[in-house]
S.K.: 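Sharing a structure, written as structure tokens. Questions coming.
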Amino acid sequence: MTEIPIADPELGEREIERVRQLMESGALADGPEVRRFEEEFADFCGADRAVAASNGTAALHAALVALGIGPGDAVVTSPFSFVASANAVRLAGAEPVFADVDPETYALDPEAVESVVRERDDVTAVLAVHLYGLPADLGHLLDVADDYDLALIEDAAQAHGAAYRGERVGSFGDAACFSFYPTKNMTTGEGGMITTDREDVAERAASFVNHGRSADGGYDHVRLGHNLRLTSLAAAIGRVQLARLPDYNAARRSNAAYLTDALADAPVETPTEPDDRRHVYHQYTVEADDRDGLAAHLDDVGVGTGVYYPTPIHEQPAYDGTEWDAPVAERAADRVLSLPVHPNVSERDLRTIATAITEYDH
Ligand SMILES: Cc1ncc(COP(=O)(O)O)c(C=O)c1O
């Protein structure tokens, strides 16, 4: 039995009390609680606007549509991410094209992005993923986006509260998208958020997730839309979780520091945190030559692990028929292993994890 799980969402009395109040009031679907959550989340990210959505994939889809990205457009993104990053591009009617990642940060390599952009004349956006809670190289990616007149979208689904050069992610590109799935640094059950400084993008995204309604919210449908709204119950949970997020992230960072120190002589490569970035360790991911053997050994001693992700997106069956060259992503997919780092991992757990890895002899 797994004694130290890879994820362990923490929901407390305050979430329960807030949800109870809303249930008693009958405010279940969209409403003022969602607007408050949006305002608080925008403030937290240092963005002008936030638009809630039913999940992170919906947020990405809505952000792309709001940016006018659709059929005929290609979007450069990472092959080493959850499939939703690229799926959202396809859902918007555009074509995902893959550039390889940096071997240290696992984020899009700006030079690889630039060479893909130069080879084609249909690229209109870059979708950068802040994998595992570490921001991508936003400075260089913004330079590429500026040079080639591309939109930049941050996939910050795993990076709530992470920072680049002292500024929180969610405030850099034309839009950024977050997920509140239960394993994330904060949760609403299912949920998502778009942040942006662009009023036009916020307005179109809010309309798209709400049946294409006009901003007055009546029965005036000004564009094709969907129902991808967040519920008030989810927003209520999100507001409490957002207030806790700085503590959660501090606990993750402290657990990560312990592991990095304790694994200094172990046969694994520990994660990098470049000087200009603040990692929030959605995952604490090491690389090992014998990744699957190490995972089995940890499982034997009750330590849960995860492989994010064992198959690069361009090698997924749903992406058959396309040929991409991404050797760094392919190598990482064979080697990465994520260890428990969430706020409920105790010091004793950390010792167990580190000892098991140090003693592993394959
Ligand atoms: C990098 C990344 N992008 C997008 C998503 C999609 O978010 P959701 O599961 O909330 O739809 C996730 C989450 O699972 C993710 O990790």
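As the structure lists them, so they are numbered: ligands from 1, and atoms in each ligand from 1. Numbers here are sequence positions counted from 1.
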S.K.: Which protein heavy atom lies closest to atom 16 (O) of ligand 1, and at what distance to 0.1 Å?
M.R.: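 Heavy-atom neighbour on the protein nearest atom 16 (O) of ligand 1: Q158 NE2, 2.8 Å.
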
S.K.: Where is the nearest protein heavy atom to atom 3 (N) of ligand 1: which residue, which atom, and how far?
M.R.: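 Ranked first by proximity to atom 3 (N) of ligand 1 is D155 OD2, 2.8 Å.
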
S.K.: Evaluate the side-chain proximity of V19 to M23: yes if any heavy-atom separation is below 4.5 Å, no if none is.
M.R.: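 SC-SC contact between M23 and V19 confirmed.
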
S.K.: Using the rule that Ile, Leu, Val, Met, Phe, Trp and Tyr join whenever any side-chain heavy atoms are under 4.5 Å apart, tell me whether Y148 and V75 fall into a single cluster.
M.R.: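 No: no chain of side-chain contacts under 4.5 Å links Y148 to V75.
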
S.K.: Working to the nearest 0.5 Å, report the span between CZ of R252 and NE2 of H342.
M.R.: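 Rounded to the nearest 0.5 Å, the CZ-NE2 separation comes to 7.5 Å.
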
S.K.: Would you mind running through ligand 1 and noting each atom that sits below 4.0 Å from a heavy atom of S81?
M.R.: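 Counting atoms of ligand 1 from 1, those under 4.0 Å from S81 are 1 (C).
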
S.K.: Using the ring of F172 (Phe, Tyr or Trp, six-membered ring only), decide whether R165 places NZ or CZ under 6.0 Å from its centre and within 45 degrees of its axis.
M.R.: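 No cation-pi geometry.
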
S.K.: Would A84 count as being in polar contact with ligand 1, using the rule that some N or O on each side must be under 3.5 angstrom apart?
M.R.: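 N/O-N/O distance under 3.5 Å: no.
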
S.K.: Test the R278-Y164 pair against the cation-pi criterion, namely NZ or CZ under 6.0 angstrom from the six-membered ring centroid and within 45° of the ring axis.
M.R.: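 Output no; distance or angle outside limits.
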
S.K.: Where the closest heavy atom to atom 9 (O) of ligand 1 is concerned, which of S179, G192, A53 has it?
M.R.: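 It is S179 whose heavy atom sits nearest to atom 9 (O) of ligand 1.
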
S.K.: Indicate yes or no: at least one non-hydrogen side-chain atom of T358 is less than 4.5 angstrom from one of D265.
M.R.: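 Result no, sub-4.5 Å side-chain heavy-atom pair not found.
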
S.K.: Using a strict 4.0 Å cut-off to heavy atoms of N55, name the atoms of ligand 1 that fall inside it.
M.R.: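 By the 4.0 Å cutoff, the relevant atoms are 10 (O), 11 (O).
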
S.K.: In Å, rounded to the nearest 0.5 Å, how long is the span from CZ of R277 to CG of L134?
M.R.: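 Spacing of CZ (R277) from CG (L134) equals 6.0 Å.
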
S.K.: Where on Y309 is there a heavy atom closer than 4.0 Å to ligand 1, on the side chain, on the backbone, on both, or on neither?
M.R.: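 Just the side chain.
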
S.K.: What protein heavy atom is closest to atom 6 (C) of ligand 1, reported as residue, atom name and distance in Å?
M.R.: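 Scanning the protein heavy atoms, the shortest distance from atom 6 (C) of ligand 1 goes to T57 OG1, 3.4 Å.
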
S.K.: Taking all non-hydrogen atoms of both residues, which atom of V144 and which atom of P110 are closest, and how far apart?
M.R.: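 Closest pair (atom of V144, atom of P110, distance): CG2-O, 4.0 Å.
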
S.K.: Which protein heavy atom lies closest to atom 15 (C) of ligand 1, and at what distance to 0.1 Å?
M.R.: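 Protein heavy atom at minimum distance: A157 CB, 3.5 Å.
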
S.K.: Below 4.0 Å from ligand 1: does a non-hydrogen atom of K184 turn up there or not?
M.R.: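 It does; at least one heavy atom falls under 4.0 Å.
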
S.K.: Between the candidates Y132, F80, Y308, F82, which shows the shortest non-hydrogen contact distance to atom 12 (C) of ligand 1?
M.R.: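 Minimum heavy-atom distance to atom 12 (C) of ligand 1 goes to F82.
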
